[in-house]
Amino acid sequence: MALLPILSYPDPRLHTVAQAVKAVDDRIRGLISDMLETMYEANGIGLAATQVNIHERLIVIDVSEERNQPMVLINPEVLWLSPERVRGDEGCLSVPGIYDGVERARAVKIQALDGAGQLRTIEAEDLLAVCIQHEMDHLLGKVFVEYLSPLKRNRIKTKMLKAQRAER
């Protein structure tokens with residue numbers, strides 16, 4: 001297993017639309033392991049392959065308190081979004097230290113392959129539903145800050161670029 005570098009906003013590669021995973025093979029299983037290790041090390045609850053500069057439709061999630069219930073979503077597709085909405089502060093491993101309110105469906109029903117390549121239907125509510133929607137946005141090349149006003153988005157972009165310059 002290996003830690004993978006996480007792209008930081010406003011890196012243009014975060015806007016790449018991911019392609020379908022063609023086969024759940026050893027390469028994908030290795031990537032799943034690396035992504036889980038990377039997510040746990042960064043104290044995240046979700047990570048999309050796009051965030052580690054791999055543009056395939058793969059997500060790992062673990063919203064459990066104990067951090068011992070990893071979920072793998074390969075080629076996820078939304079089947080249903082609840083009309084009921086929730087607004088909560090979201091953060092992102094690609095936008096470290098930034099949290100802001102985003103409105104999402106309170107519940108979702110999706111279909112995806114799991115890490116063994118089995119097709120699963122998953123119904124989720126609240127935090128898990130929000131996390132799934134957030135990570136699926138990454139696969140479409142969308143970062144949560146794009147839901148914010150242009151003013152907020154530009155302030156975040158400036159702050160992130162300044163922090164990246166300071167790191168170099």
Side-chain angles (χ1 to χ4, degrees), residues 1-21 24-76 86-104 108 112 115 124 126-168:
M1 294 201 312
L3 291 177
L4 303 170
I6 299 172
L7 298 177
S8 292
Y9 182 79
D11 191 310
R13 294 172 291 182
L14 287 168
H15 299 294
T16 304
V17 176
Q19 301 300 308
V21 171
V24 181
D25 53 17
D26 287 344
R27 180 185 69 81
I28 290 295
R29 284 187 284 277
L31 179 57
I32 290 166
S33 292
D34 292 348
M35 286 176 60
L36 284 166
E37 182 180 357
T38 301
M39 178 187 73
Y40 288 134
E41 179 68 24
N43 291 317
I45 61 170
L47 184 67
T50 301
Q51 293 175 270
V52 293
N53 199 29
I54 296 170
H55 304 286
E56 294 181 76
R57 296 182 54 77
L58 171 61
I59 294 168
V60 296
I61 293 174
D62 189 343
V63 297
S64 68
E65 289 288 323
E66 302 81 21
R67 315 292 286 143
N68 63 357
Q69 296 174 30
M71 177 182 287
V72 175
L73 306 174
I74 299 170
N75 299 333
V86 291
R87 184 176 183 81
D89 275 355
E90 286 188 25
C92 181
L93 294 177
S94 292
V95 194
I98 305 293
Y99 299 87
D100 212 318
V102 176
E103 188 176 286
R104 303 262 188 197
V108 298
D126 303 318
L127 179 59
L128 179 56
V130 167
C131 187
I132 288 170
Q133 292 170 80
H134 175 108
E135 299 307 331
M136 285 184 73
D137 274 354
H138 279 299
L139 301 181
L140 299 172
K142 189 168 187 175
V143 180
F144 89 97
V145 297
E146 292 172 51
Y147 288 99
L148 307 178
S149 72
L151 177 63
K152 278 188 179 182
R153 195 168 44 249
N154 284 333
R155 283 183 179 159
I156 291 167
K157 187 178 201 176
T158 300
K159 183 177 182 176
M160 295 298 297
L161 289 170
K162 188 175 179 181
Q164 289 166 24
R165 279 193 299 274
E167 282 179 13
R168 292 187 195 125

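Note that the structure is predicted; figures quoted are calculated from it, not measured.
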Report yes if some heavy atom in the side chain of Glu56 is under 4.5 Å from a heavy atom in the side chain of Ile28; otherwise report no.
-> yes
Taken in chain and number order and not counting sequence neighbours, the residues that satisfy side chain to side chain donor-acceptor pair (under 3.5 Å) with Asp26 are Arg29
Report yes if the side chains of Val102 and Val130 come closer than 4.5 Å at any heavy-atom pair, otherwise no.
-> no
Quick one: does Met39's side chain get under 4.5 Å of Ile45's, heavy atoms only?
-> no
How about Leu4 and Asn53: do any of their side-chain heavy atoms sit closer than 4.5 Å?
-> no
Listed partners of Lys152 passing side-chain contact (heavy atoms from CB on, under 4.5 Å), at least two apart | Asp100, Leu148, Ser149
Who passes side chain to side chain donor-acceptor pair (under 3.5 Å) against Asp126, sequence neighbours left out?
-> Arg106
dist Leu161:CG -> Ile156:CD1 (nearest 0.5 Å) comes out at 12.0 Å
Working to the nearest 0.5 Å, report the span between CG of Asp89 and CD1 of Ile98.
-> 11.5 Å
Which pairs, with at least one residue in residues 33-45 and sequence neighbours excluded, count as a salt bridge (Lys or Arg N to Asp or Glu O under 4.0 Å)?
-> none
Pairs involving residues 156-168, ordered by first then second residue, that meet side-chain hydrogen bond (donor to acceptor under 3.5 Å, both in side chains) (sequence neighbours left out) | none
Identify, with sequence neighbours excluded, every residue that meets side chain to side chain donor-acceptor pair (under 3.5 Å) alongside Glu90.
-> Arg104, His134
Sorted by chain and residue number, the salt bridge (Lys or Arg N to Asp or Glu O under 4.0 Å) partners of Arg155 (sequence neighbours excluded) come out as none
Distance in Å, Leu128 CG paired with Met71 CE, rounded so as to fall on 0.5 Å steps | 4.5 Å
Please examine the side chains of Pro76 and Glu135, heavy atoms only from C-beta on, and report whether any two atoms are closer than 4.5 Å.
-> no
Pairing residues for Asn75 by the side-chain contact (heavy atoms from CB on, under 4.5 Å) criterion, not counting sequence neighbours | Ala20, Val21, Arg57, Leu113
Work out which heavy atom in Gly91 is nearest to a heavy atom in Tyr99; give both atom names and the distance.
-> CA-CD2, 3.5 Å
Is there a donor-acceptor pair under 3.5 Å between the side chain of Ser94 and the backbone N or O of Tyr9?
-> no
Side-chain touch Thr50/Leu139, heavy atoms, less than 4.5 angstrom = yes
Apply side-chain contact (heavy atoms from CB on, under 4.5 Å) to Ala42 and list each qualifying residue two or more places apart in sequence or on a separate chain.
-> Ile6, Leu93
Mind checking the CG-CD1 spacing from Leu58 to Ile32? Nearest 0.5 Å is all I need.
-> 5.5 Å
With rounding to the nearest 0.5 Å, note down the distance linking CE in Met136 to CG in Leu73.
-> 8.0 Å
What heavy-atom pair brings Cys92 and His138 nearest, and what distance separates the two atoms?
-> SG-NE2, 3.4 Å
Acceptor/donor pairs from residues 10-18 side chains to any protein atom, 3.5 angstrom cut, sequence neighbours excluded:
residue: Asp11; atom: OD1; partner: Arg13; partner atom: N; Å: 2.8
residue: Asp11; atom: OD1; partner: Arg13; partner atom: NE; Å: 3.0
residue: Asp11; atom: OD2; partner: Arg13; partner atom: NE; Å: 3.3
residue: Asp11; atom: OD2; partner: Arg13; partner atom: NH2; Å: 2.6
residue: His15; atom: ND1; partner: Gly141; partner atom: O; Å: 3.0
residue: His15; atom: ND1; partner: Glu146; partner atom: OE2; Å: 3.3
residue: Thr16; atom: OG1; partner: Arg13; partner atom: O; Å: 3.0

Under the side chain to side chain donor-acceptor pair (under 3.5 Å) test, which residues partner Glu103, sequence neighbours left out?
-> Arg85
Output yes when a side-chain donor or acceptor of Gln133 lies under 3.5 Å from a complementary backbone atom of Ala129, and no otherwise.
-> yes
Applying side-chain contact (heavy atoms from CB on, under 4.5 Å) to Pro70 and not counting sequence neighbours gives Leu36, Tyr40, Asp62
Heavy-atom side-chain proximity of Thr38 to Gln51 below 4.5 angstrom | no
